[in-house]
Visitor: 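My questions all concern the structure below.
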Amino acid sequence: MLDLKLMQSNPEAVRESLKKRSSKLDVQEFLTLDEKRKELIGQSEELKAERNRASGEIAQRKRNKEDASDLIKTMGEVSGRIKKLDAELSEVEAAEKEWLMAVPNIPHESVPFGASEDDNPVVRYWGEKPEMSFTPREHWDLGVELGGLDFERAAKLTGSRFVITRKWAARLERALATFMLDTHLDEHGYTEITPPFIVNRDTMTGTGQLPKFEEDLFKLRDTEYYLIPTAEVPLTNLHSGEVLEEDQLPMLLTAHTPCFRSEAGSYGKDTKGIIRLHQFMKVEMVNLAHPDHSYEALEKMTACAEKILQKLGLHYRVIELCTGDMGFSAAKTYDLEVWLPGQDKYREISSCSNCEDFQARRANIKFQPKGSKKKQFVHTLNGSGLAVGRTLVAVMENYQQEDGSIVVPVALRPYMGGLEIIKPE
RNA sequence: GGAGAAGUGGCCGAGCUGGCUGAAGGCGCACGCCUGCUAAGCGUGUAUAGGGGAAACUCUAUCGGGGGUUCAAAUCCCCCCUUCUCCGCCA
């Protein structure tokens with residue numbers, strides 16, 4: 001949510017931002033509502049002040065055993081008018097809030113302008129594509145052949161876009177998650193959290209999934225509970241409605257959770273393999289940061305995600321999302337795209353964003369600056385560190401050998417009981 | 001799931017036979033004063049959001065959340081949430 005004051009004082013900036021994001025929202029619509037709101041508040045509060053005065057007068061008279069029936073009569077009418085005004089006011093406020101909640105964050109000035117993902121500039125590359133003397137295969141081939149991935153039975157148990165990992169794949173997935181968590185804990189100063197995987201409506205609203213993107217979520221029937229699409233949701237909302245001490249910032253949180261996405265509107269996309277599933281595991285990083293340092297923090301968080309890929313020896317590139325491709329809550333986003341030889345493509349494996357105070361305002365997360373009375377909103381950052389399922393794909397495709405076996409990256413071997421190579425049975 | 005108790009300001013805790021109570025008192029905190037001493041005392045201040053105002057300031061709302069009764073609600077009524085105790089069930 002944007003600052004109401006910014007909307008009022010500088011609507012041009014918001015109009016500009018919406019244009020860059022090719023949003024159709026009309027700022028004038030909001031300004032009209034806001035005018036109406038102020039007008040109604042003025043009228044209503046004037047009457048309330050009168051009522052409060054009269055109430056004191058009535059109380060006084062009653063204590064003196066005097067008659068107050070005339071005042072009571074006129075106040076009855078006043079109350080009626082207040083009720084009407086307030087009803088009208090809450091309608092206007094609801095419309096205004098709905099509008100405000102639908103506005104995406106304003107891109108940081110450094111974010112390149114662009115219409116779609118095709119306009120995202122590459123910031124840097126790390127490593128090189130692995131040399132292969134044979135035609136690399138795709139992970140679903142390798143996975144099924146090596147008995148690690150089972151799509152058919154997952155479809156039987158549930159439906160499409162689910163997978164069963166077994167044997168080495170199940171363990172490798174667990175190894176990857178543990179390896180990632182250990183790295184963030186021991187080397188990056190994160191605190192591990194295991195949050196609920198089901199959250200309520202307010203929590204989903206705090207990070208921006210609701211009210212606009214309900215169709216992307218799984219909702220539990222007859223409740224206001226939702227399955228989390230990412231641990232960003234519970235982690236960022238962990239301190240919602242709270243005022244933190246300044247020295248608690250930056251607060252670095254990480255969690256390994258399943259993520260559930262309906263993938264509405266992605267029919268036909270990535271239908272093979274485990275790139276796009278309704279349920280996948282992810283290690284997430286969240287930072288509740290001081291507003292003065294949130295952009296350094298974004299660079300650091302991106303580096304933490306990169307560190308995982310580097311330790312695994314996986315070639316990747318960092319791209320910067322352009323204005324037209326950024327998520328709703330983000331002010332600036334870097335995506336990490338790992339090289340997948342089987343698909344002959346770079347694929348997103350992490351996305352690190354600074355949301356500035358956009359989510360903090362929605363979720364009401366503040367801190368008390370030292371030596372200042374005024375509480376301020378924190379800045380929130382989130383990033384995958386990494387998507388575990390996609391990392392499993394990257395390891396399989398990059399470490400495959402001509403005979404269909406897969407070499408276990410050295411960094412993972414301690415987590416795999418020393419296993420060095422995954423071979424056909 | 002069943003029965004009961006409770007939810008007040010940063011914290012503790014009054015108020016809850018409706019009325020000048022944004023809310024006594026205490027603690028904590030901030031600033032000032034006093035004091036030549038490892039203590040105490042005194043004074044003032046100490047919420048958030050919104051409206052009006054250049055500002056001083058002023059008005060409105062907020063006593064778990066929502067709705068209702070009333071001229072008027074922290075106080076009465078209804079629904080929901082959370083916590084605690086007992087029973088049942090369970091990992």
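These numbers were taken from a predicted model, which means no experiment stands behind them. Order of the sequence lines sets the chain letters (A, B, ...), proteins ahead of strands, with each chain counted from 1. Side chains are part of it too, since the values below use all heavy atoms of this structure and drop only hydrogens, waters and symmetry mates.
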Visitor: Do A/E57 and A/R61 pass the salt bridge (charged side-chain N to carboxylate O under 4.0 Å, His left out) test, and can you show the C-alpha distance, the side-chain angles, and the key distance before you say yes or no?
Guide: CA-CA 6 Å; A/E57 171 76 23; A/R61 287 200 203 171; 3.0 Å; yes
Visitor: Could you check whether the rings of A/Y415 and A/F179 sit parallel, tilted or perpendicular, using 30° and 60° as the cut-offs?
Guide: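 Ring orientation, 0 to 90° scale: perpendicular.
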Visitor: If we take the P atom in both B/A3 and B/A72, what is their distance in whole Å?
Guide: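 Those two atoms are separated by 35 Å.
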Visitor: In whole Å, measure the gap between the P atoms of B/G43 and B/G52 for me.
Guide: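 Going atom to atom, P in each nucleotide, I get 40 Å.
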Visitor: Please name the nucleotide paired to B/A5 by Watson-Crick or G-U wobble geometry with both distances under 3.5 Å, or report none.
Guide: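 With both distances under 3.5 Å, B/A5 matches B/U83.
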Visitor: Check the pair A/K156 / A/D150 against salt bridge (charged side-chain N to carboxylate O under 4.0 Å, His left out), numbers first and verdict last.
Guide: CA-CA 10 Å; A/K156 176 181 72 180; A/D150 186 342; over 6 Å; no
Visitor: How close do A/F377 and A/F367 get, heavy atom to heavy atom, and via which atoms?
Guide: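 Looking at all heavy atoms of both residues, the shortest contact is O-CE2, 3.7 Å.
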Visitor: Expressed in angstrom and rounded to an integer, what is the separation of A/R53 atom CZ from B/U58 atom P?
Guide: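 Between P of B/U58 and CZ of A/R53: 14 Å.
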Visitor: Indicate the ring-plane relationship of A/Y190 and A/H184, choosing parallel, tilted or perpendicular according to the 30° and 60° boundaries.
Guide: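 Answer is tilted, since the angle falls between 30° and 60°.
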Visitor: Suppose you measure atom C1' in B/G19 against the same atom in B/U70; what distance do you get, rounded to whole Å?
Guide: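 Taking atom C1' in both B/G19 and B/U70, they lie 12 Å apart.
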Visitor: Expressed in angstrom and rounded to an integer, what is the separation of A/R51 atom CZ from B/C59 atom C1'?
Guide: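 Roughly 13 Å, once rounded to whole Å.
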Visitor: Tell me the partner of B/G25, counting only Watson-Crick (N1-N3 plus N6-O4 or O6-N4) or G-U wobble (N1-O2 and O6-N3) with both under 3.5 Å; none if nothing fits.
Guide: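 The answer is B/C12, by the H-bond criterion.
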Visitor: Quick one: A/N364 CG to B/G50 P, roughly how many Å, whole number?
Guide: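 Going from A/N364 (CG) to B/G50 (P), I get 11 Å.
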Visitor: Would you mind reading off the distance between A/L71 atom CG and B/G19 atom C1', rounded to a whole angstrom?
Guide: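 Spelled out: CG on A/L71 to C1' on B/G19 is 13 Å.
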Visitor: Tell me, which of residues 27-41 of chain A have any heavy atom that sits under 4.0 Å from an atom in RNA chain B?
Guide: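 RNA chain B contact set from residues 27-41 of chain A: A/R37, A/K38, A/I41.
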Visitor: If you measure from the P atom in B/C34 to the same atom in B/U17, how many Å do you get, rounded?
Guide: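 After rounding to an integer number of Å, I get 48 Å for this pair.
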Visitor: Just checking A/A54: base, sugar-phosphate only, or nothing, at a heavy-atom cut-off of under 4.0 Å?
Guide: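 The residue A/A54 makes no contact with any strand.
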Visitor: I'd like the C1' distance from B/G9 over to B/A5, given in whole Å.
Guide: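 Per the computed distance, 24 Å lies between those C1' atoms.
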Visitor: Taking N and O atoms by type only, does the side chain of A/E45 place a donor or acceptor under 3.5 Å from a partner on the base of B/G50?
Guide: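 Side chain to base: pair present.
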Visitor: Determine the interatomic distance between P on B/G10 and the same-named atom on B/U48; round to the nearest Å.
Guide: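 Nearest-Å result for B/G10 against B/U48 at atom P: 9 Å.
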Visitor: Determine: side-chain N/O of A/N52 to OP1/OP2 of B/U60, distance under 4.0 Å, yes or no.
Guide: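 Yes, within the criterion.
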Visitor: Using whole Å, report how far CZ of A/F367 lies from P of B/G10.
Guide: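 It is 19 Å, rounded to the nearest whole Å.
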Visitor: Relative to the ring of A/H290, is the ring of A/H293 parallel (under 30°), tilted (30 to 60°) or perpendicular (over 60°)?
Guide: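 Rings of A/H293 and A/H290: tilted, as their planes differ by 30° to 60°.
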Visitor: Does anything in residues 72-80 of chain A reach RNA chain B, meaning a heavy atom under 4.0 Å, and if so which residues?
Guide: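 The answer is A/I72, A/M75, A/G76, A/S79.
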Visitor: Which nucleotide, if any, forms a Watson-Crick or G-U wobble pair with B/U35, using both distances under 3.5 Å?
Guide: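 Across any shown strand, B/U35 pairs with none.
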Visitor: So, A/N200 versus A/T203: side-chain donor-acceptor pair below 3.5 Å or not?
Guide: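 A donor-acceptor contact under 3.5 Å links the two side chains.
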Visitor: State, yes or no, whether a side-chain contact exists between A/E96 and A/L4 at a heavy-atom distance under 4.5 Å.
Guide: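 Yes - at least one pair of side-chain heavy atoms lies under 4.5 Å apart.
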Visitor: Counting only Watson-Crick pairs (N1-N3 plus N6-O4 or O6-N4) and G-U wobbles (N1-O2, O6-N3), all under 3.5 Å, who is the partner of B/U17?
Guide: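 Pairing partner: none.
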Visitor: What interatomic distance, in whole Å, is found between C1' of B/C63 and the corresponding atom of B/A47?
Guide: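 It works out to 12 Å between them.
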Visitor: If you assign each of A/Q60 and A/L4 to its closest nucleotide in RNA chain B, which residue comes earlier from the 5' end?
Guide: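 In this pair, the answer is A/Q60.
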Visitor: Could you work out which one of B/U48, B/U60, B/G50 sits closest to the side chain of A/K366?
Guide: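 Nearest listed nucleotide: B/U48.
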Visitor: Starting at CD of A/Q43 and ending at C1' of B/G51, how long is that distance when rounded to a whole Å?
Guide: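 So the CD-C1' distance, A/Q43 to B/G51, works out to 12 Å.
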Visitor: Paired with B/C90 by Watson-Crick or G-U wobble geometry, both distances under 3.5 Å: which nucleotide is it?
Guide: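 Checking every strand shown, B/C90 finds no partner, since no pair has both distances under 3.5 Å.
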Visitor: In whole Å, measure the gap between the C1' atoms of B/C80 and B/C27 for me.
Guide: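 About 34 Å, rounded to a whole number of Å.
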Visitor: Taking atom CZ as the centre, does A/R153 end up with more than 12 heavy-atom neighbours from other residues, nucleotides or ligands that are less than 6.0 angstrom away?
Guide: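 No.
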Visitor: Rounded to the nearest Å, what distance is computed from the CD atom of residue A/Q368 to the P atom of nucleotide B/U48?
Guide: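 Spelled out: CD on A/Q368 to P on B/U48 is 8 Å.
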Visitor: Which one is paired to B/A30, where only Watson-Crick or G-U wobble pairs with both distances under 3.5 angstrom count?
Guide: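 Here B/A30 is engaged in a pair, and the nucleotide opposite it is B/U44.
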Visitor: Which is true for A/E57 with a 4.0 Å heavy-atom rule: it touches a base, it touches only sugar-phosphate, or it touches nothing?
Guide: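 No contact.
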Visitor: Does the side chain of A/K83 get closer than 4.0 angstrom to OP1 or OP2 of B/G67 through an N or O atom?
Guide: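 Checking B/G67 against A/K83, no side-chain N or O comes under 4.0 Å of OP1 or OP2.
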Visitor: Rounded to the nearest Å, what distance is computed from the NZ atom of residue A/K375 to the P atom of nucleotide B/U48?
Guide: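 Rounded to whole Å, this separation is 4 Å.
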Visitor: Does the structure show a Watson-Crick or G-U wobble partner for B/A54, both distances under 3.5 Å? Name it, or say none.
Guide: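 None - no nucleotide pairs with B/A54, as no candidate has both distances under 3.5 Å.
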Visitor: To the side chain of A/K48, which of B/G50, B/G19, B/A61 is closest?
Guide: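 Closest nucleotide to the A/K48 side chain: B/A61.
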Visitor: Side-chain atoms of residues 327-334 of chain A: list all donor-acceptor pairs with protein atoms under 3.5 Å, sequence neighbours left out, distances to 0.1 Å.
Guide:
from: A/S329; atom 1: OG; to: A/T207; atom 2: O; distance (Å): 2.9
from: A/K332; atom 1: NZ; to: A/S110; atom 2: OG; distance (Å): 2.8
from: A/K332; atom 1: NZ; to: A/E320; atom 2: OE2; distance (Å): 2.6
from: A/T333; atom 1: OG1; to: A/S353; atom 2: OG; distance (Å): 2.8
from: A/Y334; atom 1: OH; to: A/E299; atom 2: OE2; distance (Å): 2.7

Visitor: With a sphere of 6.0 Å drawn around CZ of A/F197, does it hold more than 12 non-hydrogen atoms of other residues, nucleotides or ligands?
Guide: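 For A/F197, atom CZ is crowded (more than 12 foreign heavy atoms under 6.0 Å).
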Visitor: Identify, between A/I58 and A/E50, the residue whose nearest nucleotide on RNA chain B lies closer to the 5' end.
Guide: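 The residue closer to the strand's 5' end, by nearest nucleotide, is A/E50.
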Visitor: Tell me whether A/E66 at atom CD has more than 12 heavy atoms from other residues, nucleotides or ligands lying less than 6.0 Å away.
Guide: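 Result for CD/A/E66: enclosed.
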